[in-house]
Visitor: 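This structure is in structure tokens; I'll ask about it shortly.
The model shown is predicted, which means the values in this text are computed figures rather than measured ones. Just so it is clear: chains get the letters A, B, ... in the order the sequence lines come, proteins before strands, and each one is counted from 1.
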2 protein chains.
Amino acid sequence: VSRNKKRIIVIGGNSAGLSAASRAKQLNPSLDVLVIEKTPHVSYASCGIPYMIAGVVKPERMFAFSVKELQTKRGIEVWTNHEAVAIDTVKRTVSVVSNETAREQILAYDKVVLATGAKPVLPNFCVEEATNMFTIRTLVDGLRLHDMIQKQQPQKVIVVGAGALGLEIVEAFRVLGLDVVLIEKSNQVLPDVEPQITAIVEEELSTHNVVSHTNTTVEGVEYDDNRIQRVSLGVGKEPLPCDLVVFCAGIQPNVTLAEESGIAIGGNRAIIVNDQQRTRKLDIYAAGDCTETYHLVTKRSTWMPLAPAALKQGRVAGANAAGGHMRFSGVVGTTMLKVFNQQIAMTGLTIAEIKKANLDAEVVVVTQDSRAKYYPGNQPITAAVLYERNTRRLLGAQMVGMDGVAHRINVFTSALHAELSLQEIRNLDLGYAPPYAPTWDTVLVAGSAALKKAKPRLTN
Amino acid sequence: VSRNKKRIIVIGGNSAGLSAASRAKQLNPSLDVLVIEKTPHVSYASCGIPYMIAGVVKPERMFAFSVKELQTKRGIEVWTNHEAVAIDTVKRTVSVVSNETAREQILAYDKVVLATGAKPVLPNFCVEEATNMFTIRTLVDGLRLHDMIQKQQPQKVIVVGAGALGLEIVEAFRVLGLDVVLIEKSNQVLPDVEPQITAIVEEELSTHNVVSHTNTTVEGVEYDDNRIQRVSLGVGKEPLPCDLVVFCAGIQPNVTLAEESGIAIGGNRAIIVNDQQRTRKLDIYAAGDCTETYHLVTKRSTWMPLAPAALKQGRVAGANAAGGHMRFSGVVGTTMLKVFNQQIAMTGLTIAEIKKANLDAEVVVVTQDSRAKYYPGNQPITAAVLYERNTRRLLGAQMVGMDGVAHRINVFTSALHAELSLQEIRNLDLGYAPPYAPTWDTVLVAGSAALKKAKPRLTN
């Protein structure tokens, strides 16, 4: 490899990594930009995996760019099936091992961008390899599951964990006609979301013949013939037989390389970065799910592994590594998901996060029409607004409904960014048209209800 | 009428008027609240009229509350078919005439809320009554048109004016299978909207066999047998035969009563009010389409006759008339409309309003996916962002597309309220999920494009 040019080594070839690589090369085409990716795939849509499993999206459509396109169109060198195993911040080198040949190369760098992402958490009792046990994180995971379903035709599926990914994969399995049991250790699906919202999601799951066991913990698995045969749910409960088990029980930042290279890790077990996405080591940047990020509502560091932030952070890291001056302002934590016919969207702090941040909060829940009451397709939207009791500051919002939910949440997202008061939210000049919204939009009704609860009525 | 109680007389029984009456009675149930309404109808959905004409909504579903419900459930007295013909602000009385008996009554008031709305503008040459000529403003208009279509089965329809109402009624007529010619004097439909947006709307009209004549003025009509037989389009153009003509060529504030009662009218020919919806006469409030309002982007008075603002202003007028202390903060001018399969939404200033306000603006237009590129139902969204050249302040935004447009505009609406910079807009933590949005939402892409155009690239 020629060393005439300055070299940026990006470790991790998905959202944050490729966003960094692309931005750096775009800003300074004379740079030598090299992406190191452990798996065979780069630039794919991780969040599309449940839809690939459901057969809604073909595997070949999961890629934004091929390795060849990245090289020829964007001028980015990409090494797939290569793992960065060490960074020497004194000698300024990265050691890279080929997964195919096991050959190690020592590459000099001018800048490094760490984009090592996150990895699934597996229970301790999952000790053996099993051909019917899965997590869903990389495209390798997704393709392996896709292939297993085609070849082994499982019928009884157990999904462990009722977070967003768990619910999306449950829907995918039902689309395929499989029998699905969903197991969640907390007392509701989507733990931490307002119970009046999740009750509607639970009803939707039940309508689509998903068997949900909340307040239930998987305590062990029984292996036989390289397969999990049954899942134990603890004393006094019948073990569940299964053909396929998917663990969606959380993820954690992938920081082994960073930690071993002496790069500072924060209280959230993710890499500490400043608003320029610089780590505490000179010339080492980091972005995406392996990093902490600034939460605009709590005004503290948090760990919030979501794709839009990863892309924005990647862009900032890439720009700064290339000599630019960009800043990432932070997140408010917006999520959307589809569960059968229900749209669920949330932004800001959940009740659990509010407690963790020691804020004194109240919640109001309202139900309002998605369209003019008389217009066909009108559906109820249930919205929860969380606000700080004394200051009446908006802390978060959550919504569910079959129509017009997803993008409505982003009004609250914008309000959180702008620190709008409940009164300002109640006065927003939101658009109205019978096919799309009632004259009093859900957001206004929710803001108004919060304000009424928080304050006497004759004034505002 | 008993005069033991304090009396609020509300003139006008639709959005703003009933919102004021309801709020006043709610805050102070001991008040005597009387609503005077010229037509036979109160509390109906004016904006639903095109959908009633199309047969999508039954006429009886157009009412939010009946007169009886308003009286029994809300304690509001309602006189329909009565017109307020004079206000004596010295004697503190309103003269009310019954449209049925022509009897006049002089009623004492403690407070008045004017909610007289707006009325259609008709060309000067429309001098005779014609059974096939219509404007669409009140439910009386809507029901008369509905009835005429049932009874006379018109086939050739001419709609004059390609604003939002004109386009909605054009769609309604095409749903009924009528032949529609749309005539618009400016060089595009939705005058003042960015031409790259309206080009898509014009294509949609054409796809649905609407014949559009832009740059065309109606110069006269030929009457015969109480009907308009033909519409003249000026020298050298063939007159158009027609069975039905609908004028949607604009509205103006209905301020005759206010003007004759000595209540100050502003430069926009609407009633001047402050942020408490007080007119310049003691104890006379006004709200809705008959009033001026504060524009949060130009920071000047404007006239912006839209239902959500009318309701908010009505609530403020009613609260203050009842002794409360509410303020209306102002509008940014958000509109949504459906034209066949296209959703159109806009907020903030149009190019014409920017010129009028003497602002130096630029526009960028982008096209982005409504969903993840691979997700079924993904459609392009075209978005225009208008910003002030020197300050890079957002001035407005306009969008069109078949999926996910309507509520996306409200992120820009919130941004205008909060005076977010383009940079802040570009960094918004908007939600992402493959069925609803790509990782880089249209709003972010548009904000980013505006920022790139406005500023050099290495920094933000």
Visitor: Between A/Arg426 and B/Ser329, does a side chain to side chain contact (heavy atoms under 4.5 Å, CB included) hold up when you go through it step by step?
Guide: CA-CA 10 Å; A/Arg426 201 263 305 274; B/Ser329 56; over 6 Å; no

Visitor: Which atoms form the tightest heavy-atom contact between B/Met336 and A/Ala433, and what is the distance?
Guide: O-CB, 3.3 Å

Visitor: Can you tell which of B/Ala307, B/Ala164, B/Pro435 has the highest number of heavy-atom pairs within less than 4.5 Å of chain A?
Guide: B/Pro435

Visitor: Measure across B/Tyr436 and A/Gln343 and return the closest heavy-atom pair with its distance rounded to 0.1 Å.
Guide: OH-CG, 3.1 Å

Visitor: In sequence, state the C-alpha distance, the side-chain angles, and the governing distance for B/Tyr375 and A/Lys338, and then conclude on side chain to side chain contact (heavy atoms under 4.5 Å, CB included).
Guide: CA-CA 12 Å; B/Tyr375 197 88; A/Lys338 175 182 179 297; 3.7 Å; yes

Visitor: Tell me, side chain or backbone of A/Asn28 under 4.5 Å from chain B's heavy atoms, or both, or neither?
Guide: neither

Visitor: How long is the gap from OG on A/Ser414 to CG on B/Leu428, to the nearest 0.5 Å?
Guide: 5.0 Å

Visitor: Going through the checks in order, is the side chain to side chain contact (heavy atoms under 4.5 Å, CB included) test met by B/Thr439 and A/Ser15?
Guide: CA-CA 10 Å; B/Thr439 44; A/Ser15 305; over 6 Å; no

Visitor: Is any side-chain heavy atom of A/Asn410 closer than 4.5 Å to a side-chain heavy atom of B/His407?
Guide: no

Visitor: Would you say A/Leu311 and B/Trp440 make side-chain contact, with heavy atoms under 4.5 Å?
Guide: yes

Visitor: Between A/Glu419 and chain B, with a heavy-atom cut-off of 4.5 Å, which part of the residue counts as in contact: side chain, backbone, both or neither?
Guide: neither

Visitor: Check each atom of A/Ile409 against the heavy atoms of chain B and say whether the ones under 4.5 Å are side chain, backbone, both or neither.
Guide: neither

Visitor: Looking at A/Cys47 and B/Pro434, what are the two nearest heavy atoms and their distance?
Guide: O-CG, 3.5 Å

Visitor: Can you find a heavy atom in the side chain of A/Leu306 that is under 4.5 Å from one in the side chain of B/Tyr432?
Guide: no

Visitor: For the interface with chain B, which of A/Gly330, A/Pro308, A/Ala64, A/Ala418 has the highest count of heavy-atom pairs at distances below 4.5 Å?
Guide: A/Pro308

Visitor: With distance as the sole test, does A/His417 use its side chain to make a donor-acceptor pair with the main-chain N or O of B/Glu424 at under 3.5 Å?
Guide: no

Visitor: Do the non-hydrogen side-chain atoms of B/Pro376 and A/Tyr51 ever get within less than 4.5 Å of each other?
Guide: no

Visitor: Could you tell me which portion of A/Arg371 (side chain, backbone, both or neither) has an atom closer than 4.5 angstrom to a non-hydrogen atom of chain B?
Guide: neither

Visitor: For chain A, find which of B/Val411, B/Val332, B/Leu430, B/Leu416 contributes the most heavy-atom pairs closer than 4.5 angstrom.
Guide: B/Leu430

Visitor: Looking only at heavy atoms and a cut-off of under 4.5 Å, which of A/Leu337, A/Leu296, A/Thr335, A/Leu444 has the most pairs with chain B?
Guide: A/Leu337

Visitor: Using heavy-atom distances under 4.5 Å, tell me whether A/Thr442 contacts chain B through its side chain, its backbone, both, or neither.
Guide: neither

Visitor: Given 3.5 Å as the limit, does a donor-acceptor pair link the side chain of A/Thr334 with the main chain of B/Asp429, or not?
Guide: yes

Visitor: Taking the side chain as every heavy atom from C-beta outward, state whether B/Asn427 and A/Arg327 have any pair of such atoms under 4.5 Å apart.
Guide: no

Visitor: Does B/Arg61 form a side chain to side chain contact (heavy atoms under 4.5 Å, CB included) with A/Lys373? I'd like the steps, not just the answer.
Guide: CA-CA 9 Å; B/Arg61 295 221 56 203; A/Lys373 194 178 283 300; 4.1 Å; yes

